[in-house]
Each structure stands twice: as structure tokens, then as C-alpha cells.
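Okay, structure first, notes after.
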Amino acid sequence: MSPVTAMPACPPAIARDHFRRRLELETDCADVAAALEAGPPDFVLLHAVGSAAAFRRRDLPGAVTSPAPCTCRTG
């Protein structure tokens, strides 16, 4: 048994709720692509994963990169 199959799948309702919560903070790449094609964006596209070299290889017009891991503060 691999580590992938060692953990049983969660019930569908839990999976649905998990991904709904993720989309409260993230957006789908297809939505970002469509928005960028539609005209000037009304958002900041932040590349927060990977190195500066990876950002340069994958640069999207108007995107910015975070030189260090992002941290979020609340409150």
C-alpha cells in the first residue's frame, strides 16, 4: 500500500466543503486566464510559490512575486 492509498477517501460532503473553503481564498487558474484575456485586471496576481528563477520562467504579464514565503496576519 502506498502513502496515497493508505489514507481512505473522505466522504463526498467533506471533500465538497473542503474545496469550497479553499475557493474562498484562492481562485481557479482558468478564471485568472479568462480575466487576463478580457482586459486590464482588477486584481494583483501574486506568484508566491517557488524561487525567483521559477517566477522568471513562468512570468505572466503584470504578475508580482514574493521573495520570501508569504505570511498572513489576521486581527
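Positions are given from 1 along the sequence.
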With Asp42, which residues qualify under side-chain contact (heavy atoms from CB on, under 4.5 Å), at least two apart? none
Which pairs would a plain distance check flag for residues 32-41, meaning a side-chain donor or acceptor within less than 3.5 Å of a matching protein atom at least two apart in sequence or in another chain?
none

Counterpart residues, salt bridge (Lys or Arg N to Asp or Glu O under 4.0 Å), relative to Arg22 (two or more places apart): Glu26
